[in-house]
Protein chains: 2
Amino acid sequence: MKKTAPAPVNSRNSTALRTPAEPATPTALLLRGNLFAEKCPSRQILTHVTSRWGVLILVALLDGTHRFSELRRRIGGVSERMLSQTLQWLEADGFVTRTAYPVVPPRVEYSLTPLGREVSEQVRQLTDWIEENLGRIGAGQPADGAE
Amino acid sequence: MKKTAPAPVNSRNSTALRTPAEPATPTALLLRGNLFAEKCPSRQILTHVTSRWGVLILVALLDGTHRFSELRRRIGGVSERMLSQTLQWLEADGFVTRTAYPVVPPRVEYSLTPLGREVSEQVRQLTDWIEENLGRIGAGQPADGAE
DNA sequence: CGGGATCCGTTACGATACTG
DNA sequence: CAGTATCGTAACGGATCCCG
């Protein structure tokens with residue numbers, strides 16, 4: 001009997017991923033619980049999760065598995081480059097699962113891990129708050145129209 | 001009777017502040033409730049709140065008023081420029097109150113507005129989650145040591 | 001002396017084109 | 001369809017100067 005479904009490949013060859021900034025400073029004090037410490041691992045994670053597209057990706061994946069192009073279409077304004085990059089960060093952090101089906105045309109699906117679902121819930125609470133309180137925000141904001 | 005305390009000046013002259021990116025796209029569909037729409041106001045706010053330093057500033061201000069230099073010292077790695085810039089965003093959004101005392105040496109204090117306190121609480125829940133679950137994060141991460 | 005506006009180098013970002 | 005490579009642009013980060 002032959003395989004009807006191609007064996008999906010999870011993750012890629014674990015290419016070492018680094019966060020963009022964080023230029024490394026002398027004092028390497030790892031204050032684990034201190035978010036404000038520059039070298040704290042939590043800062044790294046926070047950078048990924050709260051990155052411009054990370055937030056939207058996590059929230060988007062809350063309603064289930066999505067393909068690359070679906071995410072791209074859904075998240076307005078994201079470039080392929082950044083979508084790919086951010087997904088790799090989140091995958092390396094253990095928040096997102098990447099499943100590639102070796103078919104043609106290629107099919108890659110992204111979904112949240114149990115851990116990822118937890119963060120996403122937290123992120124979602126934040127975004128929900130913002131959307132619900134939009135009317136109260138920006139009192140006195142110059143409404144950027146002119147440069 | 002003369003004033004014992006100098007009159008503090010709240011906010012500056014409302015210099016028009018714009019977010020860095022968001023290059024303006026053709027379709028100006030304002031889907032108010034849709035975070036994924038590029039032009040949605042909530043995206044603007046989200047960008048400020050989840051910006052690299054915005055998160056840390058909001059959390060830092062949760063325990064009360066802080067001076068500029070205090071924030072700078074507390075938030076490891078932030079430059080004066082970015083701290084100032086981010087504070088201006090948050091002020092324009094109505095999250096942060098800037099109070100400048102016309103004394104010498106100058107004294108400027110930043111604190112959360114009631115609205116700002118609400119977002120900060122949301123942000124805090126996220127950062128707390130990250131710190132508490134650090135041990136579970138990064139399973140399989142290549143532990144980037146060399147480049 | 002504290003804060004932020006300016007100049008300049010570095011780096012991430014966004015768009016396009018190309019590969020599997 | 002799902003990315004990676006390359007390049008131009010613009011934001012970021014640091015140092016300095018200026019103002020109060």
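Quick note: numbers below take in every heavy atom, side chains included, and nothing from hydrogens, waters or symmetry partners. Quick note on labels: first sequence line is chain A, next is B, and so on, each numbered from 1.
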*Asks:* Between dG14(C), dG4(C), dA2(D), which one does the side chain of Arg98(B) approach most closely?
*Replies:*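 So the nucleotide nearest the side chain must be dG4(C).
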*Asks:* Send over the distance from Met82(B) CE to dA10(D) P, rounded to a whole Å.
*Replies:*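 Distance, rounded to whole Å: 16 Å.
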*Asks:* Look at the aromatic rings of Phe95(B) and Trp129(A) and report parallel, tilted or perpendicular, splitting at 30° and 60°.
*Replies:*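 Phe95(B) vs Trp129(A) ring planes: tilted.
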*Asks:* Taking C-beta and beyond as the side chain, do Glu118(B) and Glu121(B) meet within less than 4.5 Å on heavy atoms?
*Replies:*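 The answer is no; the side chains never approach within 4.5 Å.
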*Asks:* Kindly give the heavy-atom pair with the smallest separation between Leu112(A) and Ser120(A), and that separation in Å.
*Replies:*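 Shortest heavy-atom contact: CD1-OG, 3.4 Å.
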*Asks:* Please give me the minimum heavy-atom distance between Asp93(B) and Ile137(A), naming the atom from each residue.
*Replies:*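 Scanning both residues, the minimum pair turns out to be O-CG2, 3.3 Å.
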*Asks:* Taking five pairs at each end, how big is the angle between the two axes of the helix from dC1(C)-dG20(D) to dG20(C)-dC1(D), to 10°?
*Replies:*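 That helix gives 40° between its end axes.
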*Asks:* Would you classify Val108(A) as touching base, sugar-phosphate or nothing, given that sugar-phosphate means primed atoms plus P, OP1 and OP2, and contacts are heavy atoms under 4.0 Å?
*Replies:*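 Sugar-phosphate only.
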*Asks:* Show me the donor-acceptor pairs within less than 3.5 Å that the side chains of residues 62-72 of chain B make with the rest of the protein, sequence neighbours left out.
*Replies:*
unit_1, atom_1, unit_2, atom_2, d
Asp63(B), OD1, His66(B), NE2, 2.8
Asp63(B), OD1, Arg74(B), NH1, 3.4
Asp63(B), OD2, Arg74(B), NH1, 3.2
Asp63(B), OD2, Arg74(B), NH2, 3.2
His66(B), ND1, Glu70(B), OE1, 3.2
His66(B), NE2, Ala60(B), O, 3.4
Arg67(B), NH2, Pro106(B), O, 3.3
Glu70(B), OE1, Arg67(B), N, 2.8
Arg72(B), NH1, Val78(B), O, 2.5

*Asks:* Using whole Å, report how far CD of Glu109(B) lies from C1' of dG4(C).
*Replies:*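 Rounding to the nearest Å, CD of Glu109(B) and C1' of dG4(C) are 17 Å apart.
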*Asks:* Are Val108(A) and Thr99(A) side-chain neighbours, meaning at least one heavy-atom pair lies under 4.5 Å?
*Replies:*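 No; the side chains remain at least 4.5 Å from each other.
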*Asks:* Return the value, rounded to whole Å, for the distance between atom CD of Gln88(A) and atom P of dA5(D).
*Replies:*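 Roughly 10 Å, once rounded to whole Å.
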*Asks:* For DNA chain C, which residues in residues 55-72 of chain B have a heavy atom at a distance below 4.0 Å?
*Replies:*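 Correct list: Arg67(B), Phe68(B), Ser69(B).
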*Asks:* Set out, line by line, the N/O atom pairs under 3.5 Å between protein and nucleotides 8-10 of chain C.
*Replies:*
none

*Asks:* Run the salt bridge (Lys or Arg N to Asp or Glu O under 4.0 Å) test on Arg124(B) and Glu131(B) for me, step by step, so that the C-alpha distance in whole Å, both residues' side-chain angles and the decisive distance to 0.1 Å come before the verdict.
*Replies:* CA-CA 10 Å; Arg124(B) 179 102 121 102; Glu131(B) 291 193 343; over 6 Å; no
*Asks:* May I have the distance from Glu38(A) (atom CD) to dG14(D) (atom C1'), rounded to whole angstrom?
*Replies:*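 Distance check: Glu38(A) CD to dG14(D) C1' gives 13 Å.
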*Asks:* Do Leu56(B) and Arg43(A) have side chains that approach each other closer than 4.5 Å (heavy atoms only, starting at C-beta)?
*Replies:*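 Yes, side chains in contact.
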*Asks:* Looking at every non-hydrogen atom in both residues, tell me the closest pair between Ser42(B) and Leu35(B) and how far apart they are.
*Replies:*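 So the minimum-distance heavy-atom pair works out to OG-CD1, 3.5 Å.
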*Asks:* Using whole Å, report how far CD of Gln85(B) lies from C1' of dA5(C).
*Replies:*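 Going from CD in Gln85(B) over to C1' in dA5(C) covers 11 Å.
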*Asks:* Would you name the heavy atoms of Val55(A) and Thr127(A) that are closest together and state the gap between them?
*Replies:*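 Scanning both residues completely, I find the closest heavy atoms to be CG1-CG2, 3.9 Å.
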*Asks:* Taking salt bridge (charged side-chain N to carboxylate O under 4.0 Å, His left out) as the test, write out the residues that go with Arg107(B), two or more places apart.
*Replies:*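 Checked Arg107(B) against salt bridge (charged side-chain N to carboxylate O under 4.0 Å, His left out); matches are Glu109(B).
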*Asks:* For residues Thr97(A) and Tyr110(A), determine if any side-chain heavy atom of one lies less than 4.5 Å from a side-chain heavy atom of the other.
*Replies:*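 Contact flag for Thr97(A)/Tyr110(A) side chains = no.
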*Asks:* At under 4.0 Å, does any side-chain N or O of Ser79(B) touch on OP1 or OP2 of dC12(D)?
*Replies:*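 No, Ser79(B) has no side-chain N/O under 4.0 Å of OP1/OP2 on dC12(D).
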*Asks:* Give every pair of a protein N or O atom and an N or O atom of nucleotides 18-20 of chain C that lie under 3.5 Å apart, one pair per line with the distance.
*Replies:*
none

*Asks:* Atom CZ of Arg107(B) and atom C1' of dC1(C): how far apart are they, to the nearest Å?
*Replies:*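 Distance check: Arg107(B) CZ to dC1(C) C1' gives 13 Å.
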*Asks:* For side-chain hydrogen bond (donor to acceptor under 3.5 Å, both in side chains), just list the numbers for Gln88(B) and Ser84(B), CA-CA rounded to whole Å, side-chain angles, deciding distance to a tenth of an Å, and then say yes or no.
*Replies:* CA-CA 6 Å; Gln88(B) 288 179 43; Ser84(B) 174; 3.2 Å; yes
*Asks:* Between dG2(C) atom C1' and Tyr110(B) atom OH, what is the distance in whole Å?
*Replies:*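 After rounding, the reported distance stands at 11 Å.
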*Asks:* Would you please confirm or rule out a distance under 4.0 Å between OP1 or OP2 of dG14(C) and any side-chain N or O of Trp53(A)?
*Replies:*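 Yes, Trp53(A) has a side-chain N/O under 4.0 Å of OP1/OP2 on dG14(C).
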*Asks:* Which heavy-atom pair separates Thr86(A) from Ser51(A) by the least distance, and what is that distance?
*Replies:*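 The answer is CG2-OG, 3.8 Å.
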